[in-house]
Amino acid sequence: MDNAPITSTCTESASKLSSLLIDLSYNPSEESWLNVQLICRHLANLLRIRNGTEDNHTTLGESSLPQDLTSLLSKALDGSAVPNDTRATAVLEILRVSANLCVEHDQNRGQLLEAGFPQATVSLLEGYADQLPTQPQVNPLPLSISHLQVIKTAIGFLLNSSLGYEPVKFRLTALEVAMTLVRLSSAIYPAGAWMRGPTSLFPAESSEFDDIPEHMAESWTLRIGLSNWTWRLITELRDDAHPLFETDVLPFLIQPLIAFTPPLLTAPPPPDFAQPSQLRTSLLHADFDLLSEACSNLESLALDVEDIRLSLARGFVFPAEHQNVPCLSAMLDFIEQGSYAPLWYVQHEASLDDGEVRSQEKAFDDCKAAVIKAVVEESGEEKNTDVLCDDSEEIYPGGRFVSRMVNWVRAFVTTGSHGNLRDDLVICATLALGNLTRRESQATLLLSPPHNIAQILSSKSLLSPATDLKLKHGVIGLLKHLSQSSVHSVFNRTALSNAGIIERIVESGVWDDRGGVMADIVQVNAIGVVKHLCNNSIDNSFAVILPSDSAAAPASGLSQLLALIRRSDTVAIKSEGTRVIVNLIKSLWSSDPTVEQRDAAENQTRQQKRERAIQALVTIPCVDALAALVGRSAKYPILINEAIVAFSLLSTHRDGSQLVLHTLITPLPNETTPAPGSAAMSTVASTSSETGSPIITSPPTRRRAPPQRCALDHVLNILRHGSSDDASSPRQPELTSYPVELRINICALLGQLGKRTAGEELEMVKDNARSILEDLSQPNFTTKENMLATAAKKTLDMWT
């Protein structure tokens, strides 16, 4: 029988296995098991040959072989979770037959699944995993060569059976095999374990193998391959809609990050690996592969799974969350201190070549970026705000996480842009702090001593024309969150103003001509900072409008904004930029609460400065921007109201009323003009495919109205259609509802224009608006409508 497997065909070998299975039921002798081992080895070798003259794979898959293999595996285990040493080789060969039987063969994959072989293999792996401690291990699990081969081949079978085959993948996912694989693989090959010094790879009864280099190399090689196959299988099972892992995976994903962080990263190699060798290079590759997988999974889990984000934050405060593995702290350590492995750069024929090193450096940078994204995501989880930002420790105002993030930014600024290349730390810190700054209290914490974040963020190291766009994104994003709190906090606004934030933004070149999604986001955020800080602030409005006294200073912030609004195709930039102009107008037209704090000479100087700023606003570019805001904002009554209020204030200026009047009847720019073929009826509204703004044409009058749509058309449409209930056009049944307050403000604007201007342009406005105002001036049953009637009548009275 010993020589029979050498010459038997595939079908003969399978038939002999069926006979041996029957014999084992009555006489489980060692000789029978030896024959099983030999026949399976021969059959597995034959099945490695594909596309031969005979289709042995299909023939065997349709036979009893799949069920026989499942039964043989069960008998080999004999009720145990894992095979004993005498049965390990037979189990290995059974697994090899199954793995080779289903390679690129969906029919056989289905036959093995029906026979229960994948399920039995998962149970086998679970048996090994159940022998492990629950927490990750830093030293490799001692295992004999035969058991390493069994585990690796079992994983190989699962990989072969699931590649592109959904039924097996579905079953393996249901059995939660991914976590079993991670626990087992990380115990057999812990990342960086070979760098920790001499360790035993073999069980105590065969510990003498630890001193034999050939056995050590074989063990490490098997462990490397096993780790590689594990993550290939996990990648195959990954489904974006259904994450494979829960929070218990986090401590295992952190281990590779620790391997690339001091002190382990910078430790000298142990004696066994002091010299370059092919094995050492393989170990370096394996460690880096694990790092790549860990970082990728940390990023995707943080993005997709709320429990992961919550668990990371809890574990930062309560280490027991992750079995005392400091997951988030280790991630921060990796971001701050992690680096390329020094052994990558050892020059030797067995070492990495220059191309491999450069490739791994780039991939390592991607790993760090992935971990940064994970940290930013967990800080962006609203439920984590009070966990990561707290005052439980006096020496860490705001908590350890907040203090560490602020220190990263401060260290960058203190070191200076020439001595510090760690902008990745600043990007991570500013984005994370921005996510945490959700309420006024958190902004106040950051703006108060000892953090004084405004003074740090106003550094030229962080905001200058030479600053990288990604860095500006983080810094300006944080400033936007901080500035939002300044609307209701005098302290916060004062801190940001005194730090010269507006001046620094104006000088930073953030509104320069550059394209791309990232540039748009940064520009909108910078606009948001200025918009909030200029709201009800005369001094901050000066900082935006008036150019700096410095000879080398760029154009004023207002000039930069107007240029950006004109050239940008992004609606958010145009609209939000124009809202800055609205706030500038409202601030400079308001009373100055600080007058009594200065003497007469200082007030006179300040008034002159104020008049210069006002004069810069009473210009064609500013009123045109306001008109365009009206034109593109039909669905946003709040924006229209802001523009109307700004128009009303401008019209009180000696030079402003005629400008406002003229821009109201001037055709709007292309962004808000109707598409070709739009309706021209006065009561018909259609929707521009470009902007979504209503297209309203004024009714015929004795004076010819402008042939193109203008801001006046929109204003009159709002007066005419106060709500969707008033709509009379079947072609657009869902007109936007406009609040009575907006319509009252329009009446006030029209009244102001009638009071302060004259001429043919005014008469054109009156002719188009009079009938609408007369209809509105009729008494109504509701209080608000009566207020509108009063406003309309007042406007008509001002025109007489």
Side-chain angles (χ1 to χ4, degrees), residues 409 426-427 429-431 433-440 442-444 446-447 451-465 467 469-512 514 518-546 548 554-565 568 570 572-584 586-587 642:
V409 185
V426 182
I427 293 169
T430 51
L431 291 174
L433 290 173
N435 282 341
L436 290 174
T437 310
R438 297 177 178 273
R439 296 189 288 269
E440 181 183 315
Q442 288 131 12
T444 303
L446 291 174
L447 293 167
H451 294 318
N452 296 319
I453 194 75
Q455 295 292 337
I456 301 173
L457 296 178
S458 64
S459 166
K460 288 185 177 181
S461 299
L462 299 178
L463 285 178
S464 72
T467 303
L469 187 60
K470 291 181 180 178
L471 182 54
K472 281 182 179 175
H473 175 236
V475 172
I476 293 177
L478 173 55
L479 284 171
K480 181 183 178 183
H481 286 280
L482 294 170
S483 66
Q484 285 173 332
S485 72
S486 71
V487 176
H488 303 295
S489 171
V490 175
F491 173 84
N492 290 357
R493 172 173 297 184
T494 302
L496 291 164
S497 301
N498 290 344
I501 293 298
I502 290 179
E503 293 86 344
R504 182 62 59 221
I505 288 177
V506 170
E507 296 172 6
S508 71
V510 68
W511 293 322
D512 289 348
R514 61 173 78 191
M518 177 70 78
D520 285 354
I521 293 172
V522 176
Q523 289 173 341
V524 169
N525 284 343
I527 288 169
V529 175
V530 174
K531 180 184 73 174
H532 292 304
L533 292 181
C534 289
N535 185 31
N536 198 30
S537 173
I538 294 174
D539 288 309
N540 286 341
S541 297
F542 289 162
V544 176
I545 298 171
L546 301 177
S548 170
S556 70
L558 177 60
S559 299
Q560 294 181 41
L561 260 181
L562 288 170
L564 177 63
I565 291 169
S568 178
T570 304
I573 289 177
K574 289 179 173 293
S575 297
E576 289 301 300
T578 306
R579 296 182 78 186
V580 173
I581 297 173
V582 171
N583 282 357
L584 293 173
K586 290 164 68 176
S587 294
E642 289 186 3

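Start at 1 with the first residue, then count along the sequence. Basis for what follows: all heavy atoms, side chains included, without hydrogens, waters or symmetry-related copies.
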Please list, chain by chain and in numerical order, all residues satisfying salt bridge (charged side-chain N to carboxylate O under 4.0 Å, His left out) with R504, sequence neighbours excluded.
E507
Would a 4.5 Å heavy-atom cut-off, applied to side chains only, mark T467 and V475 as touching?
no
Taking all heavy atoms of A526 and all of W511, pick out the closest pair and write down the distance.
CB-NE1, 3.7 Å
List the residues meeting salt bridge (charged side-chain N to carboxylate O under 4.0 Å, His left out) with K472, not counting sequence neighbours, and say none if there are none.
none
May I have the step-by-step check of side-chain contact (heavy atoms from CB on, under 4.5 Å) for V409 and L478, ending in yes or no?
CA-CA 12 Å; V409 185; L478 173 55; over 6 Å; no
Quick one: closest heavy-atom pair of A443 and N492, and the distance?
CB-ND2, 3.8 Å
Hey, is the main chain of S464 close enough, under 3.5 Å, to the side chain of S508 for a donor-acceptor pair?
no
Evaluate the side-chain proximity of T430 to H473: yes if any heavy-atom separation is below 4.5 Å, no if none is.
no
Side-chain touch T437/S485, heavy atoms, less than 4.5 angstrom:
no
Roughly how far apart are L482 CG and Q442 CD, rounded to 0.5 Å?
10.5 Å
Exam field: side chain S459 to backbone I456, donor-acceptor pair closer than 3.5 Å
no
Not counting sequence neighbours, which residues clear salt bridge (charged side-chain N to carboxylate O under 4.0 Å, His left out) with E503? List them please.
none
Output all residues satisfying salt bridge (charged side-chain N to carboxylate O under 4.0 Å, His left out) with D539, sequence neighbours left out; order by chain, then residue number.
R606
With sequence neighbours left out, write down each residue that passes side-chain contact (heavy atoms from CB on, under 4.5 Å) with T570, or none if nothing qualifies.
D520, S568, A572, I573
So, T578 versus S575: side-chain donor-acceptor pair below 3.5 Å or not?
no
Reported OG-to-CD1 distance for the pair S556 and I545, which is rounded to 0.5 angstrom:
8.5 Å
Which atom names give the shortest non-hydrogen contact between S587 and S537, and what distance separates them?
OG-N, 3.2 Å
Can you name the nearest heavy-atom pair linking A454 to A499, along with the distance?
O-CB, 3.6 Å
Let me see the working for I581 and L561 under side-chain contact (heavy atoms from CB on, under 4.5 Å), right down to the final yes or no.
CA-CA 9 Å; I581 297 173; L561 260 181; 5.5 Å; no
Find the distance between CD1 (I565) and CD (E576) and round it off to the nearest 0.5 Å.
10.5 Å
Any side-chain heavy-atom pair of L479 and N525 under 4.5 Å:
no
Rounded to the nearest 0.5 Å, what's the gap from CG on L496 to CD1 on I501? Could you check?
6.0 Å
Looking at M518 and L469, what are the two nearest heavy atoms and their distance?
CG-CD2, 3.6 Å
Going through the checks in order, is the side-chain contact (heavy atoms from CB on, under 4.5 Å) test met by V544 and L533?
CA-CA 10 Å; V544 176; L533 292 181; over 6 Å; no
Can a donor-acceptor pair be found, under 3.5 Å and without considering hydrogens, that links the side chain of Q560 to the backbone of V506?
yes
Hey, could you give me the NE2/CG distance between H481 and L436, rounded to the nearest 0.5 Å?
10.0 Å
Salt bridge (Lys or Arg N to Asp or Glu O under 4.0 Å) contacts touching residues 480-495 (sequence neighbours left out)
none
So SG of C534 and NE2 of H532: to nearest 0.5 Å the spacing works out to 11.0 Å
Counting distance only, does the side-chain N/O of S497 pair as donor-acceptor with the main-chain N or O of T494 below 3.5 Å?
no
